Amino acid sequence: MTADKLRLGHALRGGTEAVKEAIEILTGSRSLTARPPVDPAAVEATERALGIESNHRPVYAYVGDLNPALGTLGLIVQRAWDQAAIGVTRCDSGGLGGRRGAFAILKEDEALSVLAKLSYSGAKLASWAADFSSEVRSSYSSERAYVDGAEPEISHWSADVRARCIQRAEKPADRRLWTWEVRLDRGPLPQEAIGLVMSAGAYKVFVDEVEHDNRVAFPEEVHVIPGQIGPEGAHFHLARTRALLAGDA
Amino acid sequence: MKVGKFMRPLRIVRQRDEVVVRALLDRPDSRAMGLHPVVLELGSELRVTGLAEGQRRLERHELDLLLKDGHGLEVELPLAVGVVGPLCAAWIGQAFANAAEDASAPALPFERREMTKVPGQGWFLLDTPATVFGGLDRWIRKTFAATVDRGSSELAKLLSWVAPDRDEARAARFVTGTAEQQRRALNWWIRLERDAGRPPPTEDDLIQRIDQVCERTFLEWRGADGPYAARLQGPWQQVALAARCAERLAPAVDPAPEEPEHSPVARAIGIAREAAVRGRPALHKETEPVRIALLEQVHHRWQEARMSAHLHPYALHAVESALFGAERALEDTHLDQAILSMHHGLAEIIYPDLTWRFMPALWRHFETIPRAAVESDREWLAMHHDEENRVSPAFFDRDLWPRGTPPAWEEHVERFRYRLFSARSESDAVDVSHLDT
């Protein structure tokens, strides 16, 4: 089993303007750049600890996941984007560094030292993909289980602080405790994007902007995955999104 | 503290165990109407409800992130005591409500006076997803029917702001679109099926799907009525009925509606009326110049306007059938041709770019009103005829659509006339948006 084919997910901002920006990014008329953190207290401390300069902030992505799960707009990007990686962490770095959610059981000093241990940068960065594949192989029943958010088998994670946080987390545990994060020094190139995932509401804006407007030449290679509503409520987590993140089609 | 035998456990009870709605997720747009998950605050706990997968907990910092990043709309609404879940929000955007009013859309499914207003943005109320979806679903079906009847691209656009992925919304966009918009709508539909991981349909598959939506929507079809000739008393009633068929469509193809004395269409109908009233065939020397004038003034115009490569001048055929019938009533009244031409012609006046498509349910729908009109005429004629079965002039004073005019008929006729008589080229002919209802 290899996890090399798992794709990267990047959640965009929500709202009408964000849909327009996503279209511009995918049609190549704009680049995705790092945006100000929405949780500055957690992110700024974490970035300082990781040696990231405030004037050269990275673009964040998760391997095989789009987060926040209840966001309205996300990009799925080919794994080739990781050529632009400048850092990787075995979990959500901001959550760990800022001790959010189940990471709150850690002390501040401990959180920052664990962050360093769980992160890759510089010369160490070259080994992250192999380590990721190894972790997926040893801790999940399949790559798809990782993408679906299955809790990992942590009996052999005794030296890993994430295991303690997972054990103590309220169930179902937040997958950001174990979902790998990649930090990149540029946004995806248009040819690297493979999917645009939208909530039912965001898709209405997309239809107005793209499907109804013959001036927009939306790239054929990008899969458009709209959310839906039904008598059960709103569908945010379509199987198709996960299939694309898992490397299908 | 004195400990009694039946001491109750100590429990802090908040004043009203209040539940507060903190946010609507999938941030609602002022131009849209829809169903949205909500974030409820129950004491110190936050829960998201209205998700198809069931409710889920949310951390406070996660809610902050969703709101700051534009994924949700912050609200504060304490729930009334006794409200039971699961809950979601029904949303009506302010711009959507205005557009619905401007387009004379069917009444919106939720009463705004019973909803909570979000200033400058819209209104919401809380109910179960099944109830909210049910309201939206009924509105979508009603609005689809109104869209098709009125040929309204504004209503089609509103449907896209409610549920763009619904077959009704896609069918409405297709039916009311120009040829270019239809092509684009089908291409996007094919692509989205592919992107969803399903086998990509062909264009014909999608046309069939659109027709299935029409079949589900329009249930009034009762089966074939004809042939009428056998159910009428003699040829003059048939000629009269054919004249009425022509008269119904005449406004769309009459080159001189303000000057009946110079109009070959008005003259043809007049000749058929006279023949039916007098009980005597029209003379060839009367009909021939009218036939030539129809050819020169309408048929040629039809070809010049190049309205559609696939379009037959059925409305004109109805007029010609009445004229032929008047002249040759004793051999063939041409009534069946006149009725058939009226059915096809009415559909062509409403959707000139579409009638070549195989969409039987849609075309059956457009037959129902003219069929009812013909049936009403037939019933009147059955009760009013003299011994020679001539037709009373009073027959022609009757309302042309005694059981109801086709919806937005005058607008359809105006659009069609514009394309036939005003457009100078195919591209001109396509751009009739300024005449939209």
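Quantities reported herein were computed from a predicted structural model and do not represent experimental measurements.
When all heavy atoms of B:H61 and A:R176 are compared, the closest pair comes out as NE2-NH2, 4.5 Å. Between B:R184 and A:V210, the closest heavy-atom pair is NH2-O, 2.7 Å. The two residues B:P164 and A:Y203 come nearest to each other via the heavy atoms CG-CD2, 3.5 Å.
In this structure, the portion of A:A202 lying under 4.5 Å from any heavy atom of chain B is its backbone and not its side chain. Both the backbone and the side chain of B:L35 come within contact range of chain A, judged by heavy atoms closer than 4.5 Å. Looking at B:R173, only its side chain comes within 4.5 Å of chain A, counting heavy atoms on both sides. Proximity to chain A is limited to the side chain of B:R170, based on heavy atoms less than 4.5 angstrom apart. For chain A, the nearby part of B:L66 is the side chain; its heavy atoms alone come within less than 4.5 Å. Both the backbone and the side chain of A:V224 have a heavy atom closer than 4.5 Å to some heavy atom of chain B.
The CD atom of B:E62 lies 5.5 Å from the CG atom of A:D174; values are rounded to the nearest 0.5 Å. One distance of note links CG of B:L58 with CG of A:L70; it measures 6.5 Å at 0.5 Å rounding. Between the CG atom in B:D165 and the CD1 atom in A:I229 there is a gap of 7.5 Å [rounded to 0.5 Å]. To the nearest 0.5 Å, atom CZ of residue B:R27 and atom OG of residue A:S199 are 12.0 Å apart. To the nearest 0.5 Å, atoms NE2 (A:H235) and CG (B:D26) are separated by 12.5 Å. For the atom pair OG1 (A:T72) and CG (B:D29), the distance works out to 11.0 Å, reported to the nearest 0.5 Å.
Of the possible polar contacts, one joining the A:K204 side chain to the B:V162 backbone as a donor-acceptor pair under 3.5 Å is found. The backbone N or O of A:P37 sits nowhere less than 3.5 Å from a side-chain atom of B:K68 that would complete a donor-acceptor pair.
Top candidate by heavy-atom pairs under 4.5 Å with chain A, chosen from B:L67, B:D69, B:V48, is B:D69. For the set A:R35, A:E220, A:E17, the count of heavy-atom pairs under 4.5 angstrom toward chain B peaks at A:E220. For the set A:L73, A:I225, A:V205, the entry with the most heavy-atom pairs within less than 4.5 Å of chain B is A:V205. Between chain B and the options A:A234, A:G15, A:G101, heavy-atom pairs under 4.5 Å are most frequent for A:A234.
A:E110 CD: more than 12 foreign heavy atoms inside a 6.0 Å radius. Under a cut-off of 6.0 angstrom, the local environment of CZ in A:R168 is sparse, with at most 12 non-hydrogen atoms contributed by other residues, nucleotides or ligands.
Note on B:D195 versus A:R240: no salt bridge recorded, every NZ/NE/NH1/NH2 to OD/OE distance being 4.0 Å or above. With respect to A:E170 and B:R57, a salt bridge is recorded, a charged nitrogen being found less than 4.0 Å from a carboxylate O. The pair A:E211-B:R191 does not meet the salt-bridge criterion, since no charged nitrogen lies less than 4.0 angstrom from a carboxylate oxygen.
In this structure, B:W188 and A:F206 have perpendicular ring planes: the angle between them is above 60°, well past the 30° mark.
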